[in-house]
Protein chains: 4
Amino acid sequence: MSERDEDAGRAARSTRKDAQRNKKALLDAAAAVFVTSGVDAPVRAIAAEAGVGLGTIYRHFPTRADLIIAVYRHQVDACAEAGPELLASSATPYAALGRWIDQFVDFLVTKHGLAAVLQSDSTGFDALHAYFLDRLVPVCTQLLDAATASGEIRPGLRAYELMRGVGNLCVGAENDPDYDARRLVGLLVAGLGRPAG
Amino acid sequence: MSERDEDAGRAARSTRKDAQRNKKALLDAAAAVFVTSGVDAPVRAIAAEAGVGLGTIYRHFPTRADLIIAVYRHQVDACAEAGPELLASSATPYAALGRWIDQFVDFLVTKHGLAAVLQSDSTGFDALHAYFLDRLVPVCTQLLDAATASGEIRPGLRAYELMRGVGNLCVGAENDPDYDARRLVGLLVAGLGRPAG
Amino acid sequence: MSERDEDAGRAARSTRKDAQRNKKALLDAAAAVFVTSGVDAPVRAIAAEAGVGLGTIYRHFPTRADLIIAVYRHQVDACAEAGPELLASSATPYAALGRWIDQFVDFLVTKHGLAAVLQSDSTGFDALHAYFLDRLVPVCTQLLDAATASGEIRPGLRAYELMRGVGNLCVGAENDPDYDARRLVGLLVAGLGRPAG
Amino acid sequence: MSERDEDAGRAARSTRKDAQRNKKALLDAAAAVFVTSGVDAPVRAIAAEAGVGLGTIYRHFPTRADLIIAVYRHQVDACAEAGPELLASSATPYAALGRWIDQFVDFLVTKHGLAAVLQSDSTGFDALHAYFLDRLVPVCTQLLDAATASGEIRPGLRAYELMRGVGNLCVGAENDPDYDARRLVGLLVAGLGRPAG
DNA sequence: TATGAATGAGCCTTCATTCAT
DNA sequence: AATGAATGAAGGCTCATTCAT
């Protein structure tokens with residue numbers, strides 16, 4: 001809008017496109033590297049994967065947490081948005097909760113090192129940690145409340161605690177063929193159900 | 001009983017008291033530092049905490065795995081020995097399993113970073129990881145089998161998976177007042193119980 | 001001629017002047033430190049001498065062998081190229097051999113620690129050792145063969161052995177005013193001459 | 001003889017014997033380790049080879065040079081003593097010189113790292129260096145003077161320089177089957193001979 | 001006296017981060 | 001804006017040397 005000059009305008013615009021392209025490339029590269037080497041991967045590795053310079057990473061994402069948040073924001077948002085939808089489309093709130101947890105688990109299990117971010121001591125990932133919880137705890141709370149109201153589950157478990165538990169169960173799951181995080185989460189959710197009678 | 005496993009009898013490698021004191025100090029220091037900074041803590045930090053030189057660590061524990069194993073051996077052993085005892089003294093096998101898991105959780109929760117060792121990708125801690133599983137999986141299997149035989153739990157969950165799950169639930173538990181690992185483990189064990197009817 | 005072997009043309013890896021300056025400074029510093037402390041000198045010492053950080057060395061020369069080779073490459077090349085020229089310009093092949101050896105000695109004597117690289121047990125300098133020999137042994141062989149053919153020297157000595165001998169005679173020469181490596185090499189070459197009659 | 005007391009005597013005597021035994025064991029061990037790993041071998045390795053404690057080495061040989069000197073003293077002495085004998089028993093002084101050098105080479109070549117001690121910059125081995133030269137240079141001078149007097153060799157080369165040259169030619173010889181130090185030393189000595197005519 | 005435990009300087013190497021180009 | 005060169009802190013490890021036992 002404000003670029004009308006011939007040269008300055010074109011330059012500014014093309015620059016902006018480059019920047020956007022770089023940002024996208026960085027997010028893709030970071031996602032790929034995180035899967036391979038975890039969220040602690042060397043910055044260089046990410047830059048190399050993206051085919052950009054080191055400085056470009058720091059320009060777009062001053063801290064590592066900024067990058068991680070950006071990488072996973074879309075998926076976190078999708079997960080948050082799925083909550084109400086599942087509640088509306090499922091037979092019971094407990095069923096919705098189960099499905100929502102399943103989706104959350106799918107997300108975590110496919111992102112190496114991501115589950116660890118849910119933990120309280122994720123040093124250096126505070127912003128990311130906070131983002132996760134800010135976005136997801138309300139949704140989870142809504143599901144828990146509904147299932148409690150319907151009498152399907154025992155009351156008392158807070159969403160934060162459930163999410164931490166689910167997150168923890170997913171830690172390291174992708175590397176171990178003998179460990180099925182989904183199954184254990186299933187047991188956890190089953191244990192949450194009000195005992196018959 | 002197991003106190004003398006290493007230096008059985010008077011033919012111990014070293015009888016020097018200061019050396020033994022240092023070894024003990026190192027184990028205590030390592031335990032403390034592991035709580036604070038995890039099992040990847042700098043060797044220097046452990047040496048400083050113990051008030052000994054760097055070389056002293058390398059003398060007593062040539063590799064990091066040696067140190068970690070030594071730090072937790074006693075407690076792992078105690079946990080292993082508790083299995084049969086609980087089976088004998090509890091009302092039902094499922095109750096024994098629950099108590100044994102409780103004891104295991106108590107152990108893990110008080111030793112930060114330890115739970116992480118149960119995970120499969122504990123790079124560089126293979127020896128420790130193996131020690132844990134070699135020692136505890138058989139005990140846990142015995143308890144699970146008994147509870148399955150008594151019809152109290154659904155069959156099919158392997159001890160390794162249960163222990164990994166419990167271990168995971170305990171990761172980071174000690175630092176977060178809002179997260180009660182025991183409670184979540186309780187839900188997991190409850191979920192394991194055969195649904196009434 | 002050989003100046004541009006590495007960064008041939010304008011498509012050089014890096015055009016940054018400061019980087020080139022640093023690389024040059026590192027080569028000079030390494031050469032100087034090698035004279036003082038041998039080719040096993042601490043990396044830090046070389047970095048300090050060059051006035052650059054530690055990482056800069058590792059960037060330009062990932063391994064110590066890379067650095068040593070780079071330090072001496074030009075001179076080795078010059079020496080190799082001088083062989084045929086001397087053969088063409090000298091009165092007899094034996095005279096050419098003598099002059100070539102003189103040049104080689106001049107080279108070695110002014111680069112402390114370099115002579116040691118000719119030795120067989122230069123642990124960790126295999127690449128450098130190989131470079132030296134690959135480059136110079138053929139030249140020396142040519143000179144020896146010519147001098148043998150002209151009947152000026154006794155046959156049988158291989159170029160490798162002669163070069164090792166000359167190299168050895170030069171070890172430590174620059175630090176000792178009472179030791180004249182050139183003189184001793186002169187005796188060696190004289191001894192190689194076919195006895196009159 | 002002077003120990004007559006029952007306890008004190010036995011103790012003192014046995015102690016003295018132990019000490020001698022240890023010193024001998026250390027010399028043998030050091031000689032063996034020097035052959036294997038050079039004169040820079042870790043002190044620990046020598047102590048281990050000798051089956052004594054670290055402190056024992058330092059008691060008997062406060063510095064590394066002390067140990068090296070002790071290890072080679074006998075052989076240096078033997079070499080020194082061989083000079084006059086060879087002069088007396090050989091046909092000509094030049095022949096005696098050649099034989100003496102041969103013996104010296106035999107000595108150096110069989111002791112890894114020893115030849116390097118002849119060099120001027122043998123940092124930390126100054127005492128050893130000095131011992132070598134003090135002992136051998138006079139002998140070598142005597143041989144050179146005699147051969148000069150007999151007109152067999154060109155005059156002017158000092159004993160120190162010859163010995164340095166021979167020592168240098170022997171550096172690293174034991175590890176390289178393609179390098180025959182004796183042969184090269186032979187050429188050097190041949191080159192020393194007065195040219196016919 | 002002998003032992004070997006302890007110390008800590010010193011080296012190597014990696015990688016986050018800054019900044020000249 | 002982008003690049004990647006440079007920096008240097010951080011951490012692992014090895015040994016020479018001292019000194020309590």
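Here the structure is a predicted model, which means the values were calculated and not measured. We name chains A, B, ... by the order of the sequence lines, and we start the count at 1 in each one.
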Novice: Compare the minimum distances between each of F/dA1, F/dT7, E/dT13 and the side chain of C/Thr56, then state the nucleotide with the smallest one.
Specialist: F/dT7
Novice: Whether the side chain of B/Arg64 engages the backbone of B/Val39 through a donor-acceptor N/O pair (distance < 3.5 Å, no angle test) should be reported.
Specialist: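 Side chain of B/Arg64 to backbone of B/Val39: a pair is present.
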Novice: Would you check, one step at a time, whether the test side chain to side chain contact (heavy atoms under 4.5 Å, CB included) holds for A/Ile46 with A/Phe34?
Specialist: CA-CA 9 Å; A/Ile46 299 168; A/Phe34 288 170; 3.8 Å; yes
Novice: Under 4.0 Å from OP1 or OP2 of E/dT1: is there any side-chain N or O of D/Asn22 that close?
Specialist: no
Novice: Once you round it to whole Å, what is the distance between P of F/dA1 and CG of A/Leu54?
Specialist: 18 Å
Novice: Provide, to the nearest angstrom, the distance between the CZ atom belonging to B/Arg21 and the C1' atom belonging to E/dA6.
Specialist: 13 Å
Novice: Are C/Val43 and C/Tyr58 side-chain neighbours, meaning at least one heavy-atom pair lies under 4.5 Å?
Specialist: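 Yes, at least one pair of side-chain atoms sits under 4.5 Å.
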Novice: Would you mind telling me which residue lines up with the more 5' stretch of DNA chain E, B/Gly53 or D/Gly55, judged by nearest nucleotide?
Specialist: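 So the residue in question is D/Gly55.
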Novice: Please state whether the rings of B/Tyr72 and B/Phe132 are parallel, tilted or perpendicular, taking 30° and 60° as the class boundaries.
Specialist: perpendicular
Novice: Pick the closest DNA chain F nucleotide for C/Val52 and for A/Val52 by heavy atoms, then say which residue is nearer the 5' end.
Specialist: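 The answer here is A/Val52.
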Novice: Do A/Asp28 and A/Val71 pass the side chain to side chain contact (heavy atoms under 4.5 Å, CB included) test, and can you show the C-alpha distance, the side-chain angles, and the key distance before you say yes or no?
Specialist: CA-CA 8 Å; A/Asp28 292 346; A/Val71 167; over 6 Å; no
Novice: How close or far is atom C1' of E/dC11 from atom CG of C/Asp40, stated in whole angstroms?
Specialist: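 Distance, rounded to whole Å: 12 Å.
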Novice: Using atom CG of A/Leu26 as one end and atom P of F/dA2 as the other, report the distance to the nearest whole Å.
Specialist: 10 Å
Novice: Enumerate, in order of first residue number, the stems that involve DNA chain E, defined as 3 or more consecutive Watson-Crick or G-U wobble pairs with both distances under 3.5 Å.
Specialist: E:2-21 with F:2-21
Novice: Round to the nearest Å and state the distance from B/Phe61 atom CZ to F/dC13 atom C1'.
Specialist: 17 Å
Novice: Starting at CG of C/Asp18 and ending at P of E/dT21, how long is that distance when rounded to a whole Å?
Specialist: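 So the two atoms are 6 Å apart, to the nearest Å.
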Novice: In this structure, how many angstroms lie between the C1' atom of F/dC13 and the CD1 atom of B/Ile46, rounded?
Specialist: 14 Å
Novice: Just to verify, what does A/Asp66 make a salt bridge (charged side-chain N to carboxylate O under 4.0 Å, His left out) with, not counting sequence neighbours?
Specialist: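 Expected list: none.
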Novice: Whole angstrom is fine here: how far is it from CZ in D/Arg64 over to P in F/dC15?
Specialist: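 It works out to 11 Å between those atoms.
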Novice: Can you find a side chain N or O atom of D/His60 that sits less than 4.0 Å from OP1 or OP2 on E/dT1?
Specialist: no
Novice: Under 4.0 Å between a side-chain N/O of D/Arg44 and OP1 or OP2 of F/dA16, yes or no?
Specialist: no
Novice: Just wondering, do A/Leu26 and A/Ile57 contact through their side chains at under 4.5 Å, heavy atoms?
Specialist: yes
Novice: Assign each of C/Pro42 and B/Ile57 to its nearest nucleotide of DNA chain E by heavy atoms, then name whichever residue's nucleotide is nearer the 5' end.
Specialist: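 Of the two residues, B/Ile57 wins.
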Novice: Could you please name the option among F/dA16, F/dA2, F/dT14 that lies closest to any side-chain atom of B/Tyr58?
Specialist: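 It is F/dT14.
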